[in-house]
Amino acid sequence: MKTLVTCGLPYANGPCHIGHLRTYIPADVYVRYLRMLGKDVVFVCGSDTHGTPIVINAEERNMTPKELIKIYHRHFKEIFEKMSIEFDYYGSTDDYSNHHRTQEIVLELIRNGYVYSKTIPLAYCPVCDRFLPDRYVEGTCPYCGMEARGDECDQGCGRHLEPGEILNPRCKIDGAKAEYREQEHYFFRLSSFKEFLLRYLEDLKGTENALNYAREWVKRELKDWCISRNLDWGVKFPGRDDMVVYVWVDAPIGYISFTEEYAKRTGINWEEIWKEKSEIVHFIGLDIVYHHCIFWPAMLKGAGYTLPSAVVASGMVKIQDKTFSKSRGYVVWVEDDYLKEGFHPDYLRYYLVNYTSHQKDLNFSWKIFEDKVNNELVNTLGNFMYRVLHFTWKNFGRIPEVSVSSEIIKKIEEARKNVIESIESYEFKEASDAVMELASFGNSYFQHNKPWELIKSNLEKCQQVIKDCLQIVKALTILFYPVMPSSMKEIGDIIGIDTTSLKIEDVQVEISPLKLSRPSVPFKKIEKEKIIEMQEKLIRRIEKMGNTDTQEYVTLEDFQKMNIRIGKIIAAERIKGSSKLLKLEVDIGDEKRQIVAGFATSYRPEELIGELVPILVNMKPAKLMGVESQGMILAADVNGKPVLLKTEKEVPTGSIVR
RNA sequence: GCCGGGGUGGCCUAGCUGGUGGGGCGUCAGACUCAUAAUCUGAAGGCCGCGGGUUCGAACCCCGCCCCCGGCACCA
């Protein structure tokens with residue numbers, strides 16, 4: 001039986017960032033492990049190329065959508081290649097085969113009675129001369145009166161808005177007043193799939209984060225789904241020249257059309273996967289669970305295709321503990337911030353796989369990156385492999401011909417078992433931890449047996465220890481190959497392992513006694529300076545995006561250190577020799593204080609008398625122009641000039657401000 | 001508000017059906033020198049979010065509360 005693994009399609013509207021890789025790298029790792037386990041796997045993905053954002057983005061750049069998607073299609077392909085993410089086929093949803101397959105499926109759904117038409121009001125922009133998707137409509141929320149977006153009141157009450165509900169609709173692109181026009185659209189009878197989906201989701205495999213959400217959604221009401229759009233760009237809706245199908249229809253169909261393309265090239269039959277019994281595993285981000293667990297299976301069921309067997313959803317990525325946000329600068333671009341900076345692809349692969357469970361949020365920070373790479377990859381793993389190979393090469397020149405001890409065979413077997421179990425439950429961190437644990441054991445074994453002493457005292461024993469360690473190196477190479485293919489290939493070349501056709505059982509096949517050439521270090525350390533440079537680059541970007549929250553937060557505890565009280569100004573006079581400063585006397589309830597304040601540019605002394613103002617009472621005393629100040633009066637700063645803050649009504653002096 | 005997931009030493013995490021809280025990284029101290037100042041050994045460090053309850057006994061079960069993340073659908 002064949003297994004198909006897919007990844008959520010990247011939208012061909014912008015460059016690849018680390019969030020994309022959070023899904024693609026574990027998927028690639030998974031596929032490589034499956035192959036080592038002897039499974040017949042096809043791995044496909046492709047660019048998602050339709051939808052309004054691409055049309056608008058292309059317009060803004062003065063190009064056609066086709067030109068735009070070509071740029072990003074090529075970009076993603078390149079990045080995947082550089083990151084060792086090896087799809088068997090990487091297509092595009094704008095390829096002929098996908099247009100064809102999409103129309104085929106929509107027609108089948110129509111034939112089977114799952115599609116009906118209905119007339120609905122839609123916002124239309126007379127200037128752009130087109131219907132506007134809800135997110136491109138702005139106006140007033142009918143519930144709270146705040147400025148809102150067409151699909152939800154994002155700044156006000158947060159309510160979801162139905163098409164046609166928003167008041168005073170305007171086009172977001174040119175600000176023109178939009179009007180509502182009646183329009184015929186096509187709907188998919190999702191509601192009729194409720195019972196089917198409830199049963200289907202019982203047995204669907206994958207990660208809990210995805211399955212729980214989907215089950216919850218289905219238990220609630222399922223509404224029919226509008227699957228047509230007023231656009232030129234996309235897959236033509238069958239029988240309608242003026243409309244295309246909604247991108248969320250043709251995007252997942254890409255999984256099928258890419259399989260078809262792959263089949264055409266390799267001579268296999270795509271229907272073995274999509275029409276007969278097979279394993280179909282979708283790797284996606286948490287944001288598109290709904291589409292993959294609900295719309296997509298319903299569509300496949302309605303059109304008579306094989307249903308997915310598992311949906312594996314990765315958690316979100318955070319950047320230095322902050323929510324990932326391209327617009328706010330919390331992003332790591334794979335090309336500009338990683339590859340062009342000269343970092344090895346395997347380092348990031350390891351980080352993304354090993355930081356935490358696949359389902360949980362992953363925090364990326366350059367500091368953690370440095371720690372993980374230098375401690376785990378370089379020191380523990382790389383150093384073990386290198387010290388063993390180097391020792392062997394220097395003292396023997398070749399791999400000794402003694403059999404591996406049973407203790408070591410047992411240890412390797414344990415690691416292999418753990419890896420397989422973890423992979424089967426989509427726990428990639430667990431799998432890579434199990435391998436790293438073996439490397440750690442290797443270091444300890446080497447250390448305790450002191451082969452550098454045995455070489456002088458007991459040559460036979462020394463050969464045994466070294467052979468054991470070499471077998472561990474071989475096991476590590478195989479078990480880590482899926483995570484770090486290019487680095488492990490290099491080690492494989494040294495010790496005579498062909499990484500193109502690995503079997504996981506090979507970890508127990510004794511390493512062949514070949515002659516060694518001088519080994520080189522498998523992983524190079526990352527310099528502290530480089531990390532600092534990267535951190536600064538990130539901070540600069542965040543600040544450029546107009547972010548103020550690079551500032552440190554104050555905790556309530558911090559704030560409570562400040563003793564702020566309302567005081568009454570009871571005396572005020574100028575300070576000799578100063579144009580700005582006034583010497584004030586204030587009553588803060590139980591005592592009177594002398595405070596020097598820079599109010600002279602805005603106020604005459606006499607107009608301050610009697611005012612109730614907030615005062616930071618526990619400000620460290622200081623002398624200004626030789627006059628002691630025992631507190632600080634808070635005021636608004638308007639272009640450098642102070643404006644008094646007053647209480648809204650008369651309050652007792654000494655009242656606490658908090 | 002409702003729903004889902006989570007809250008275990010500075011960080012990442014084990015902990016299945018209840019029986020004296022483990023590991024890794026980091027920190028500190030020793031050891032060693034084959035190796036990329038690597039490695040090995042040892043130590044310090046935890047009111048297992050908070051408050052009740054069930055029990056001979058709870059991180060694990062029940063109730064209440066707090067906090068974090070996500071979802072609540074037509075956003076590709």
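Residue numbers begin at 1 in each chain, while the letters A, B, ... track the order of the sequences. FYI, side chains are in, hydrogens and waters are out, and symmetry mates aren't considered; it's all heavy atoms of this structure. This structure is a prediction, so every number in the text was calculated from the model and none was measured.
Shown here, B:rA37 forms no base pair; nothing in the strands shown gives a Watson-Crick or G-U wobble contact with both key distances under 3.5 Å. With a cut-off of 3.5 Å on both Watson-Crick or G-U wobble distances, the partner of B:rA43 is given as B:rU27.
Residue-level contact check: A:Asn354 touches neither bases nor backbone, having no heavy atom under 4.0 Å from any strand. Looking at heavy-atom distances under 4.0 Å, A:Tyr11 makes contact with a base. Among the heavy atoms of the strands lying under 4.0 Å from A:Ile288 is at least one base atom, whether or not backbone atoms are also near.
Using a 4.5 Å cut-off on side-chain heavy atoms (C-beta onward), A:Tyr116 and A:Phe188 make no contact.
Side-chain atoms of A:Gln359 and A:Thr207 include no donor-acceptor pair closer than 3.5 Å. Under the 3.5 Å distance criterion, with hydrogens and angles disregarded, no donor-acceptor pair is assigned to the side chains of A:Asp250 and A:His99.
In terms of position on RNA chain B, the residue among A:Asp361 and A:Asp371 whose nearest nucleotide sits closer to the 5' end is A:Asp371.
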(request) Summarise how protein sits on nucleotides 30-40 of chain B as a single string, 5' to 3': B when a protein heavy atom is under 4.0 Å from the base, S for sugar-phosphate-only contact, - for no contact. (result) --SSBBB-SBS

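Ring pair A:Phe428/A:Tyr426 is perpendicular by interplanar angle, where above 60° counts as perpendicular and below 30° as parallel.
With a 6.0 Å cutoff to the six-membered ring centre and a 45° limit on the axis angle, A:Arg189 does not count as a cation-pi contact of A:Tyr114.
More than 12 heavy atoms of other residues, nucleotides or ligands shown are found within 6.0 angstrom of NZ on A:Lys530.
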